[in-house]
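Here the structure is laid out as structure tokens; the discussion comes afterwards.
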Amino acid sequence: MKIHYLFAALPLSPWFAMGANAQNHWGFDERPSQILPGMVAPSNGLHYEETPSQGANQVPDHYSPVFDYRFSCDVVGLPQIHDEASSQSIVGEDWVGLDLSTHCHYDHNGVSSQHLLESERSIATLRQWFLATNATGFSLEVWMTPNVQDNLSIAIPIVAIGGDHSAADQGSYDEDGKFDSNECHDTAFYVGLRSNLLEVRYVDNDADRSCRVLLVNQRPLKNDEVVQIVLTMSNWETNVYVNGESALPATTNHDLVTNMKTWDPDSKLKLFSNQTGNSTRITLHQVSLYDQLIEAQQVQWGYQQELIGKQETLLDHEPARLGPVEKSATVVQGSVSPIEIGGRNKSTKDYLVGIEILSLPPAGTILDDYGPITEIGTRILLPKASKNTVLMYRANSDEYFTSPGSSYSGKDLGLSPDFFEFRLVALDHHDGSLVGWSDAAKKEITIEHVNQPATLVLPKAAKLTEVPDFDKIGPIASIDEAHLQDPDLNVDPVRVDIWADNGTIKIQDHVKLANFEFSSTSSETSWHSHGNPAGSQNMTFVAEPDDVSLILSSIQYQGFYWDQEDRITIRIYDGVGGPCLSRADRNYDSVSDDCFHILANVSVPAAAWAPTALSFESGDASRLNIWFALLLALFGFSCAALFVQMGVQQLFRMRYWKERENENAEQVTARDKQEPELDVVDFA
């Protein structure tokens with residue numbers, strides 16, 4: 001046997017077994033009379049049974065490990081580590097680092113890790129146990145499945161006690177196989193792999209506490225091979241067994257000795273390591289430490305029995321490896337649509353596999369053959385030999401959709417697919433009990449938009465201005481509170497036609513929201529926008545539905561006649577094809593081919609204050625003609641007033657002269673009736 005190199009670090013706990021003649025060499029017949037704190041005493045001694053074929057050989061069918069860690073996968077595929085030897089592990093039941101990159105391997109029902117696992121407690125109690133039993137050696141049993149690379153420069157720890165296990169480098173050795181103590185990196189004991197060879201390191205009991213390294217090159221390991229390794233160490237002998245057969249020539253070497261009593265009590269049991277940069281993967285199934293020696297015959301018999309048990313365990317307790325498929329589904333708005341749901345059963349067992357609903361869709365309902373599914377936990381079995389089943393989905397509202405997620409102008413609508421969560425469950429064929437389940441999966445459901453008809457809400461009559469403007473040729477009116485109610489969230493624009501019978505239409509505000517340069521690419525019907533938003537008797541434009549409401553609410557009407565009623569007509573084309581927009585003009589490829597028409601009227605009342613003396617035969621009369629007519633009328637009134645004034649003045653003159661004539665006549669008559677007076681002349 002060639003004594004070789006390296007030591008590596010190991011996370012987890014130790015495990016041990018004993019041989020038939022152990023009491024002759026070790027004195028293990030007597031157990032400690034006092035159980036130390038944290039200990040659980042194993043059964044006394046080894047158990048033997050005679051069989052017809054074995055007779056007095058007394059091959060044991062049961063060992064008594066100090067602790068016996070088993071690595072397995074639970075029903076959901078999570079790694080588990082259990083101590084089968086006692087209800088309270090001598091080094092603790094928890095492992096530091098178990099949640100770091102620790103994986104469950106279904107194929108061999110074991111656990112692997114790329115990180116160091118360390119026991120909860122130190123080996124102090126374990127060490128006290130060995131002191132109490134006067135044990136001078138131990139047996140370590142490891143079951144594993146290696147997956148190695150051909151690289152002798154890298155050592156991969158499996159199990160160790162104490163030390164720095166971030167690296168285990170190849171070193172040199174002398175003829176006696178001794179190393180400087182630093183080569184063991186303060187590790188008391190270590191079992192690992194270097195390439196496909198088993199490597200054992202431990203601190204010798206010599207004065208220098210030399211680091212001993214055994215490289216077992218007589219029995220290379222194979223990839224994906226379930227391997228049992230048994231290492232027995234005593235004061236006089238070291239043996240290594242692989243799958244029940246000795247891998248080393250039996251050697252008696254009293255210099256190659258290690259003793260647990262001399263190990264640092266603060267050390268911890270360790271499995272794996274924190275090494276990176278290598279492709280080696282080790283899957284552990286069992287690690288057992290015994291305070292007894294296992295001899296060759298017992299190792300061989302125990303391997304055969306344990307292998308049968310592990311094979312049965314693998315078949316009976318293999319986790320249900322279920323893989324749900326998280327494939328999204330697409331349905332059509334306003335319809336009841338089928339959705340496919342399921343996954344795969346990767347287990348070796350043919351379980352009954354079903355779907356279990358973990359959450360219900362917030363915006364819809366899922367249905368199976370029995371109707372709507374309303375309870376979380378509902379299970380639907382997959383058809384035999386099928387990976388999938390079909391459920392039905394319907395949205396709670398016919399107006400609900402999730403695609404497209406933006407408006408025609410690019411505004412994010414904040415929509416997201418509807419969804420529900422489920423998992424695959426494995427059920428027992430006989431009683432339907434739950435065997436295992438998968439991780440939760442999300443089924444997303446995209447609802448494709450289907451164009452819905454809009455509703456146009458208008459006032460019955462336009463509103464006339466309160467004060468007439470005689471500077472205009474006709475009345476002015478406006479439309480207040482116009483609404484185009486469209487459940488399609490502006491994902492596509494609509495076409496708007498507006499005209500008046502006897503007047504013009506003007507868009508006062510939000511002109512930029514109307515597209516007056518649009519030209520349809522439809523091969524069915526050719527049309528384009530037209531009209532002047534500053535004033536046209538008829539116009540056509542394209543706009544988003546919400547913008548149409550703003551535009552219509554800012555319309556101003558200018559009539560041609562003061563004394564006549566009128567009508568404003570609005571027509572909306574909403575949808576695809578014909579007079580609507582073509583598919584190429586839309587924001588996305590619509591599921592719908594419908595083109596909805598909306599036709600509505602707003603009446604314009606006649607102006608009650610219009611001048612009644614004027615009547616125009618033509619609506620084309622100009623303001624000049626109006627002013628001329630007004631001046632002509634004023635002139636007529638002036639002339640009439642003048643004639644009246646002249647007539648009145650003539651009447652006054654005639655009356656005046658008549659009165660003068662009468663007055664003169666009266667004076668003459670009075671003189672004729674009066675006697676004449678004689679004037680007296682005084683001649684004196």
Side-chain angles (χ1 to χ4, degrees), residues 322-344 353-408 412-425 438-455 485-492 545 574-577 580-584 586-596:
L322 306 174
V325 176
E326 290 187 320
K327 184 179 180 180
S328 62
T330 300
V331 301
V332 176
Q333 177 185 348
S335 65
V336 180
S337 305
I339 56 173
E340 196 172 57
I341 182 173
R344 295 176 297 275
V353 179
I355 304 294
E356 184 175 78
I357 303 300
L358 301 180
S359 69
L360 300 174
T365 302
I366 48 177
L367 307 92
D368 61 7
D369 294 340
Y370 300 97
I373 297 175
T374 58
E375 294 184 0
I376 294 174
T378 299
R379 293 176 182 169
I380 306 101
L381 284 179
L382 295 179
K384 190 174 181 180
S386 176
K387 299 178 181 178
N388 302 292
T389 188
V390 174
L391 301 178
M392 304 301 290
Y393 172 88
R394 69 180 180 210
N396 295 334
S397 170
D398 288 342
E399 297 180 355
Y400 178 74
F401 66 91
T402 64
S403 177
S406 61
S407 68
Y408 181 77
D412 186 4
L413 299 177
L415 303 177
S416 58
D418 201 8
F419 71 93
F420 64 93
E421 293 177 308
F422 72 98
R423 66 180 180 181
L424 296 185
V425 291
S438 71
D439 293 334
K442 178 188 285 188
K443 184 72 173 181
E444 291 191 342
I445 304 169
T446 299
I447 297 95
E448 287 191 342
H449 171 256
V450 175
N451 188 53
Q452 304 294 307
T455 302
Q485 299 172 349
D486 188 8
D488 298 320
L489 303 181
N490 298 315
V491 297
D492 283 312
D574 175 19
V576 179
C580 291
L581 278 72
S582 67
R583 289 187 178 276
R586 295 168 65 87
N587 192 28
Y588 66 103
D589 189 11
S590 173
V591 177
S592 172
D593 290 327
D594 294 327
C595 178
F596 300 107

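Please read these numbers as outputs of a predicted model, since none were measured by experiment.
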Min side-chain heavy-atom separation Asn451-Val576 under 4.5 Å: no
Close side-chain approach of Pro324 to Asp439, heavy-atom, < 4.5 Å: no
Close side-chain approach of Asp492 and Leu581, heavy atoms under 4.5 Å: no
Which atom of Phe596 lies closest to which atom of Gln452, heavy atoms considered: CE1-C, 4.0 Å
Distance-only polar pair, side chains of Asp418 and Tyr393, donor-acceptor under 3.5 Å: yes
Side-chain heavy atoms of Asp574 within contact of Asp488, under 4.5 Å: yes
More than 12 heavy atoms from other groups under 6.0 Å of CG on Asp398: no
Heavy-atom check, side chain of Leu424 versus side chain of Ile355, under 4.5 Å: yes
Heavy-atom closest contact (Arg423 atom, Ala440 atom, distance): CB-CA, 4.4 Å
Heavy-atom pair of closest approach, residues Ile339 and Ala329: CG2-CB, 3.6 Å
Flag side-chain contact, heavy atom, 4.5 Å: Leu360 against Phe420: no
Ser403 side chain near Leu415 side chain, heavy-atom distance below 4.5 Å: no
Ser416 versus Tyr400, closest heavy-atom pair with distance: O-OH, 3.7 Å
Separation of Ile341 CD1 from Leu382 CG (nearest 0.5 Å): 9.0 Å
For the student: nearest non-hydrogen atoms of Pro545 and Asp486, plus distance: CG-OD2, 3.1 Å
Heavy-atom pair with the smallest gap, counting every atom of Pro383 and Thr389: CD-CB, 4.0 Å
Side chain proximity check, Ile380 to Ile357, heavy atoms < 4.5 angstrom: yes
